[in-house]
*Asks:* 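Here you go, one structure.
Remember, predicted model here, so these are calculated numbers, not experimental data. The basis for the numbers below is simple: all heavy atoms, side chains too, and nothing from hydrogens, waters or symmetry mates.
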Amino acid sequence: MGKPDNDKDDAYEADLARLQLALVRYQQGAMKSGEKALIIFEGRDAAGKDGAISRMTEHLSIRATRVVALPKPTELETSQWYFQRYVPHLPSAGQVVIFNRSWYNRAGVERVMGFSTPAQQETFLRDVPHFEEMLVESGLKLVKIWLDISRKEQEQRLKERREDPLKALKTSPMDDVAQEKWDDYSAARNDMLTRTHTPIAPWTCVVTDKKKQARLNVMRHVIKTIAPEEIAAEVEAPDPDILFPFQIDAVGRLNP
């Protein structure tokens with residue numbers, strides 16, 4: 001089991017520093033070899049995407065690392081092929097790109113909030129495995145991470161966002177319906193993960209009620225997945241109680 005979440009946990013800080021160093025070493029090699037990596041972060045509102053991404057990128061090169069969080073599509077973009085506005089943000093040689101939400105918006109918030117039609121959503125679920133297969137076969141390393149959170153913990157974090165002026169920029173209109181439409185988001189999540197989890201582009205799930213342990217385990221997983229063996233071997237395996245591969249017959253491990 002993970003260690004308790006403690007703001008003064010020296011062990012956490014030491015683990016974080018070691019993992020950040022491993023990521024730096026990975027990037028040094030990737031910039032020389034031309035490797036490309038794309039990391040997709042998806043999950044419920046307030047599940048900790050921003051915090052995990054911030055810790056991962058804290059010491060990485062600003063020239064070789066990009067975090068992409070696209071706004072609402074423009075009228076022009078809504079007329080384009082759905083994946084078109086994401087393609088320009090894909091990594092080039094030596095780059096790491098992190099999507100803080102991605103094309104999977106179509107299977108999540110767009111489905112729950114009615115921002116796209118059922119036909120568009122079905123087309124997306126049918127096409128995205130082929131799109132991701134092409135990316136991987138082109139030489140890109142793809143990591144897909146779903147961050148899951150309990151309903152009670154989400155409620156508490158959303159409350160903290162509303163009450164803390166320093167978190168004002170983290171709030172959004174979607175926060176107001178995250179709890180109200182909890183069951184709808186659960187159904188969308190289950191359908192999305194089941195239909196887009198493939199051998200070439202699998203999903204990994206993370207239980208994030210303990211923020212710090214979730215961040216450490218996400219970093220361990222990313223290093224184990226994209227770094228060369230000499231770096232990955234120095235990093236301990238993720239805690240299977242916190243981070244685990246999605247299994248179609250084991251949706252029950254996620255929060256209902």
*Asks:* Could you walk me through whether L90 and V97 pass side chain to side chain contact (heavy atoms under 4.5 Å, CB included), step by step?
*Replies:* CA-CA 7 Å; L90 294 174; V97 170; over 6 Å; no
*Asks:* Could you tell me if R44 and S186 have a donor-acceptor pair between their side chains, going purely by distance under 3.5 Å?
*Replies:*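 Side chains of S186 and R44: pair found under 3.5 Å.
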*Asks:* Between N217 (side chain) and D239 (backbone), is there a donor-acceptor pair under 3.5 Å?
*Replies:*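 Yes: the side chain of N217 pairs with the backbone of D239.
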*Asks:* I want to check something: taking the side chain as every heavy atom from C-beta on, are Y82 and T123 in contact at a cut-off of under 4.5 Å?
*Replies:* no
*Asks:* What distance do K167 atom NZ and K170 atom NZ have between them, rounded to the nearest 0.5 Å?
*Replies:* 6.0 Å
*Asks:* Is the shortest side-chain heavy-atom distance between D45 and M174 below 4.5 Å?
*Replies:* yes
*Asks:* Between K210 and I242, is the side chain to side chain contact (heavy atoms under 4.5 Å, CB included) condition met? List the steps.
*Replies:* CA-CA 9 Å; K210 294 182 179 180; I242 296 176; 5.9 Å; no
*Asks:* If you compare all heavy atoms of T171 against all heavy atoms of A168, which two are closest, and at what distance to 0.1 Å?
*Replies:* OG1-O, 2.7 Å
*Asks:* Would I39 and M56 count as a side chain to side chain contact (heavy atoms under 4.5 Å, CB included) here? Give the steps.
*Replies:* CA-CA 11 Å; I39 304 168; M56 283 183 56; 3.7 Å; yes
*Asks:* Tell me whether Q95 contacts the main-chain N or O of S92 through its side chain, where contact means a donor paired with an acceptor under 3.5 Å.
*Replies:* yes
*Asks:* Can you tell me if Q179 and Q154 form a side-chain donor-acceptor pair at under 3.5 Å?
*Replies:* yes
*Asks:* Please tell me whether F41 and F99 form a close aromatic pair, meaning their ring centres lie under 6.0 Å apart.
*Replies:*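 Not close enough - the centres of the two rings lie 6.0 Å or further apart.
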*Asks:* Are the side chain of H221 and the backbone N or O of T204 linked by a donor-acceptor pair below 3.5 Å?
*Replies:*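 No, the answer is negative, given that no donor and acceptor are paired below the 3.5 Å cut-off.
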*Asks:* Indicate, with yes or no, if V112 and I149 share a hydrophobic cluster defined by side-chain heavy-atom contacts under 4.5 Å among Ile, Leu, Val, Met, Phe, Trp and Tyr.
*Replies:*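 Per the 4.5 Å side-chain linkage, I149 and V112 are not co-clustered.
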*Asks:* Enumerate, atom names and distances included, each donor-acceptor pair closer than 3.5 Å involving a side-chain atom of residues 20-31, sequence neighbours excluded.
*Replies:*
from, atom 1, to, atom 2, distance (Å)
Q20, OE1, H59, NE2, 3.4
Q20, NE2, R55, O, 2.9
Q20, NE2, E58, OE1, 2.9
R25, NH1, E234, OE1, 2.7
Q27, OE1, S61, N, 2.8
Q27, NE2, T65, OG1, 2.7

*Asks:* Taking a hydrophobic cluster as the set of Ile, Leu, Val, Met, Phe, Trp and Tyr residues connected by side-chain heavy atoms closer than 4.5 Å, whether directly or through intermediates, do I98 and I62 fall within one such cluster?
*Replies:* no
*Asks:* Taking all heavy atoms of Y86 and all of N105, pick out the closest pair and write down the distance.
*Replies:* OH-ND2, 4.0 Å
*Asks:* From W203 CH2 over to R189 CZ, what is the distance, rounded to the nearest 0.5 angstrom?
*Replies:*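 It is 12.0 Å, given to the nearest 0.5 Å.
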*Asks:* Which heavy atom of A214 sits nearest to which heavy atom of T208, and what is that distance?
*Replies:*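 In this case the closest contact between A214 and T208 is CB-CA, 3.8 Å.
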*Asks:* I'd like to know if the side chain of Q120 reaches the main chain of T117, judged simply by a donor and an acceptor atom lying under 3.5 Å from each other, with no hydrogens or angles considered.
*Replies:*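 Judged by distance alone, yes, a pair lies under 3.5 Å.
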*Asks:* For the backbone of E77 and the side chain of T74, can you confirm whether one donor and one acceptor N or O come within less than 3.5 Å of each other?
*Replies:* yes
*Asks:* Is there a side chain to side chain contact (heavy atoms under 4.5 Å, CB included) between V222 and M219? Walk through the geometry before answering.
*Replies:* CA-CA 5 Å; V222 169; M219 293 170 70; 5.7 Å; no
*Asks:* Let me confirm one number: the CZ-CG distance from R162 to D175, rounded to the nearest 0.5 Å.
*Replies:*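 One finds 7.5 Å between CZ of R162 and CG of D175.
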*Asks:* For E122, is there an ion pair with R106 - N to carboxylate O distance below 4.0 angstrom?
*Replies:* no
*Asks:* Keeping the roles fixed (side chain from D191, backbone from A187), state whether a donor-acceptor pair exists under 3.5 Å.
*Replies:*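 No, D191 side chain to A187 backbone: no donor-acceptor pair under 3.5 Å.
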*Asks:* Tell me if a side-chain donor or acceptor on H197 pairs with a main-chain N or O of P202 at a distance below 3.5 Å.
*Replies:* no
*Asks:* Same cluster for L169 and V68 if Ile/Leu/Val/Met/Phe/Trp/Tyr side chains link at under 4.5 Å?
*Replies:*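 No; V68 is not reachable from L169 via cluster members.
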*Asks:* Looking only at non-hydrogen atoms, find the nearest pair between A107 and F124 and report the distance.
*Replies:* CB-CE2, 3.7 Å
*Asks:* Has the side chain of R85 got a donor or acceptor atom that lies under 3.5 Å from a matching backbone atom of L70?
*Replies:*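 Judged by distance alone, no pair lies under 3.5 Å.
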*Asks:* Measure the shortest side-chain to side-chain distance between L193 and L254 over non-hydrogen atoms and say whether it is less than 4.5 angstrom.
*Replies:*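 Yes, side chains in contact.
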*Asks:* Which value, rounded to the nearest 0.5 Å, describes the distance between Q247 atom CD and T194 atom OG1?
*Replies:*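 With rounding to 0.5 Å, CD (Q247) is 11.5 Å from OG1 (T194).
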*Asks:* CD/E42 to CG/N100 distance, rounded to the nearest 0.5 angstrom?
*Replies:*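 If I round to the nearest 0.5 Å, the distance is 8.5 Å.
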*Asks:* Please report the shortest heavy-atom distance between A47 and L147, naming the atom on each side.
*Replies:*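 Answer, listing the atom of A47 first, then L147: CB-O, 3.6 Å.
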*Asks:* Does either side chain, that of D209 or that of S150, offer a donor lying less than 3.5 Å from an acceptor on the other one?
*Replies:* yes
*Asks:* Is any NZ, NE, NH1 or NH2 atom of the basic residue among E153 and R157 found under 4.0 Å from an Asp or Glu carboxylate oxygen of the other?
*Replies:*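 Looking at E153 and R157, the cut-off is met.
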*Asks:* Using only atom types and a distance under 3.5 Å, with no angle test, would you say the side chain of K224 pairs donor to acceptor with the backbone of A232?
*Replies:* yes
*Asks:* So which atom in C205 and which in F246 form the shortest heavy-atom distance, rounded to 0.1 Å?
*Replies:* SG-CB, 3.8 Å
*Asks:* Quick one: CZ on R220 to CG on L19, what's the gap to the nearest 0.5 Å?
*Replies:*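 Answer rounded to 0.5 Å: 5.5 Å.
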*Asks:* Check residues 128-146 and write down every donor-acceptor pair under 3.5 Å in which the side-chain atom is one partner and the other belongs to a residue at least two apart or another chain.
*Replies:*
from, atom 1, to, atom 2, distance (Å)
E132, OE1, Y104, OH, 3.2
E132, OE1, K144, NZ, 2.8
E132, OE2, W103, NE1, 3.1
E132, OE2, Y104, OH, 2.6
S138, OG, L135, O, 2.5
K141, NZ, E35, OE1, 3.4
K141, NZ, I226, O, 2.8
K144, NZ, Y104, OH, 3.0
K144, NZ, T196, O, 2.8
K144, NZ, A201, O, 2.8
W146, NE1, D148, OD1, 2.8

*Asks:* Considering only NZ, NE, NH1 and NH2 on the basic side and carboxylate oxygens on the acidic side, decide whether K159 and D164 come within less than 4.0 Å.
*Replies:* no
*Asks:* Is it possible for you to say whether V206 and V235 belong to one hydrophobic cluster, with membership spreading through side-chain heavy-atom contacts below 4.5 Å?
*Replies:* yes
*Asks:* Cluster question for you: counting only ILVMFWY and a side-chain heavy-atom cut-off of under 4.5 Å, with indirect links fine, are Y185 and L158 together?
*Replies:* no
